[in-house]
Enquirer: 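Before we start, here is the structure in question, set down as structure tokens.
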Amino acid sequence: MFGTFFNVTMIILGSLIGSLTKKYIKPAYHTVLMQAIGLSAMVIGIHAVIKPFDQSTLPVLFIISLAIGGIVGTAINIQDRFDHTVQKFTNSDLSTGLATAILLYCFGSLSILGPIKAASQHDYTFLLTNGGLDFITSIVLSATFGLGIMWAAVVLFCWQGGLYLLALLFQSALSTTLLNELTIIGGILILASGLSVLKIKKINTLNLLPALLVPPIVLGIMHFI
């Protein structure tokens with residue numbers, strides 16, 4: 001778990017630095033930072049999808065996952081519940097920034113593969129690299145949306161900690177196929193978040209999060225058939 005603790009620490013430090021410098025940044029620069037975040041999210045999302053998609057043995061699974069996940073997420077109304085909770089404590093812009101931060105921190109390939117490599121091979125390279133990237137990202141995000149971005153570190157800890165424990169207990173359950181499908185869906189969610197930040201198209205990205213549950217279920221059923 002050393003790599004995950006490092007990753008979380010980098011997000012907290014970056015959020016503190018960004019929030020302290022926020023008041024010195026003119027509104028025009030905030031607009032530029034928003035555009036930079038949106039464009040970066042789109043590029044990261046596209047990059048996350050390309051290689052895993054080429055290696056996927058089930059190229060239609062992500063479509064099924066997004067469709068089912070979107071229906072479930074909309075029925076549960078994840079996005080509105082999240083926005084409502086955030087708005088109780090701060091301005092509405094933070095919900096967009098926090099959702100983007102969670103997707104960027106948790107669903108990139110480094111954040112998915114990092115804890116698994118740490119658990120199975122004691123290799124922390126991915127997590128240390130991811131921590132450095134998240135440090136820079138959190139500075140920009142918190143300079144734009146405020147200190148509330150720090151809450152994404154809690155989600156990251158639960159996400160990477162869960163993957164780490166799963167890799168320790170059930171290494172065989174984390175097949176290459178499953179990791180590919182999760183990375184593809186994660187990349188698409190990051191891309192969708194970028195579109196929302198840039199205000200190109202408002203997408204309730206969090207309503208699509210249940211899509212991440214579909215590949216494990218489908219692949220688990222296929223394993224026992």
Side-chain angles (χ1 to χ4, degrees), residues 1-15 18 37 40-53 55-56 62 65-66 69 97-142 149-171 173-194 197 205-206 208-216:
M1 292 289 287
F2 163 74
T4 295
F5 282 117
F6 174 80
N7 205 159
V8 168
T9 301
M10 289 297 99
I11 292 174
I12 294 173
L13 288 176
S15 298
I37 292 168
S40 298
M42 290 184 66
V43 172
I44 291 170
I46 292 171
H47 181 266
V49 169
I50 293 174
K51 186 176 179 179
F53 186 76
Q55 297 175 343
S56 176
F62 81 94
S65 299
L66 289 171
L98 194 52
T100 302
I102 290 171
L103 293 170
L104 285 172
Y105 296 156
C106 295
F107 300 114
S109 56
L110 291 177
S111 191
I112 293 175
L113 297 176
I116 295 171
K117 287 180 72 68
S120 59
Q121 304 174 20
H122 302 290
D123 183 350
Y124 300 101
T125 305
F126 280 10
L127 287 177
L128 295 177
T129 302
N130 199 54
L133 294 173
D134 287 349
F135 175 70
I136 302 300
T137 304
S138 61
I139 292 176
V140 177
L141 285 170
S142 60
I149 292 297
M150 189 184 296
W151 285 105
V154 178
V155 180
L156 176 80
F157 178 80
C158 296
W159 169 253
Q160 288 190 358
L163 288 176
Y164 182 87
L165 292 175
L166 187 61
L168 284 177
L169 298 173
F170 307 105
Q171 291 190 32
L174 295 172
S175 64
T176 301
T177 300
L178 175 57
L179 294 177
N180 274 342
E181 298 305 322
L182 291 177
T183 304
I184 291 170
I185 295 171
I188 293 172
L189 295 181
I190 294 172
L191 173 60
S193 181
V197 171
T205 314
L206 295 184
L208 294 171
L209 278 180
L212 292 162
L213 300 175
V214 178

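It should be emphasised that the depicted structure is a prediction, and the values quoted were computed from it without experimental measurement.
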Enquirer: CG of L191 to NE2 of H47: how many Å apart, nearest 0.5 Å?
Expert: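 The CG atom of L191 sits 14.0 Å away from the NE2 atom of H47.
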Enquirer: Heavy atoms only: give me the nearest G194-A41 pair and the separation to one decimal.
Expert: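 For G194 versus A41, the nearest heavy atoms are CA-CB, 3.7 Å.
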Enquirer: Once rounded to the nearest 0.5 Å, what's the spacing between atom CZ of F157 and atom CD1 of I11?
Expert: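 Going from the CZ atom of F157 to the CD1 atom of I11 covers 12.0 Å.
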Enquirer: Donor-acceptor pair, S193 side chain versus L189 backbone, under 3.5 Å?
Expert: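 No, S193 side chain to L189 backbone: no donor-acceptor pair under 3.5 Å.
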Enquirer: When rounded to the nearest 0.5 angstrom, what distance separates CG in L98 from CD1 in I102?
Expert: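 Between atom CG of L98 and atom CD1 of I102 there are 4.5 Å.
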Enquirer: What closest approach, in Å, do G187 and A48 show between heavy atoms, and which atom pair accounts for it?
Expert: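 In this case the closest contact between G187 and A48 is CA-CB, 3.8 Å.
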Enquirer: Quick one: closest heavy-atom pair of L212 and G186, and the distance?
Expert: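 In terms of heavy atoms, the two residues are closest at CD2-N, 4.3 Å.
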Enquirer: Among T177, L182, I184, which residue satisfies the side-chain contact (heavy atoms from CB on, under 4.5 Å) criterion with P52?
Expert: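 The residue from T177, L182, I184 that satisfies side-chain contact (heavy atoms from CB on, under 4.5 Å) with P52 turns out to be I184.
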Enquirer: Measure across L163 and P115 and return the closest heavy-atom pair with its distance rounded to 0.1 Å.
Expert: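 Where L163 meets P115 most closely, the heavy atoms are CB-CG, 3.8 Å.
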Enquirer: State, yes or no, whether a side-chain contact exists between F6 and L128 at a heavy-atom distance under 4.5 Å.
Expert: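 A side-chain contact under 4.5 Å exists here.
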Enquirer: My understanding is that only one of V155, N130, I149 makes a side-chain contact (heavy atoms from CB on, under 4.5 Å) with Y105; could you say which?
Expert: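 So, applying the side-chain contact (heavy atoms from CB on, under 4.5 Å) to Y105 and each of V155, N130, I149, only I149 qualifies.
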Enquirer: Can you tell me how far apart OG1 (T205) and CD1 (I190) are? Round to the nearest 0.5 Å.
Expert: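 Those atoms lie 10.5 Å apart.
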Enquirer: Flag the pair I188 / L66 as yes when at least one side-chain heavy-atom distance between them is below 4.5 Å, and no otherwise.
Expert: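 They are in contact (side-chain heavy atoms under 4.5 Å apart), so the answer is yes.
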Enquirer: Search all heavy atoms of L156 against all heavy atoms of S111 and return the closest pair with its distance.
Expert: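 Heavy-atom minimum between the residues: CD1-OG, 3.6 Å.
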Enquirer: Give me the atom names and distance for the closest heavy-atom approach of S15 to S142.
Expert: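 Result for this residue pair: O-OG, 3.1 Å.
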Enquirer: Just how far is it from atom CD of E181 to atom OG1 of T183, taken to the nearest 0.5 Å?
Expert: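 Nearest 0.5 Å value for the CD-OG1 distance: 9.0 Å.
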Enquirer: Nearest 0.5 Å please: distance from the CH2 atom of W159 over to the CG atom of N7.
Expert: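 The CH2 atom of W159 sits 13.5 Å away from the CG atom of N7.
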Enquirer: Output, in order, the C-alpha distance, side-chain angles, deciding distance and verdict of side chain to side chain contact (heavy atoms under 4.5 Å, CB included) for V154 and W151.
Expert: CA-CA 6 Å; V154 178; W151 285 105; 4.0 Å; yes
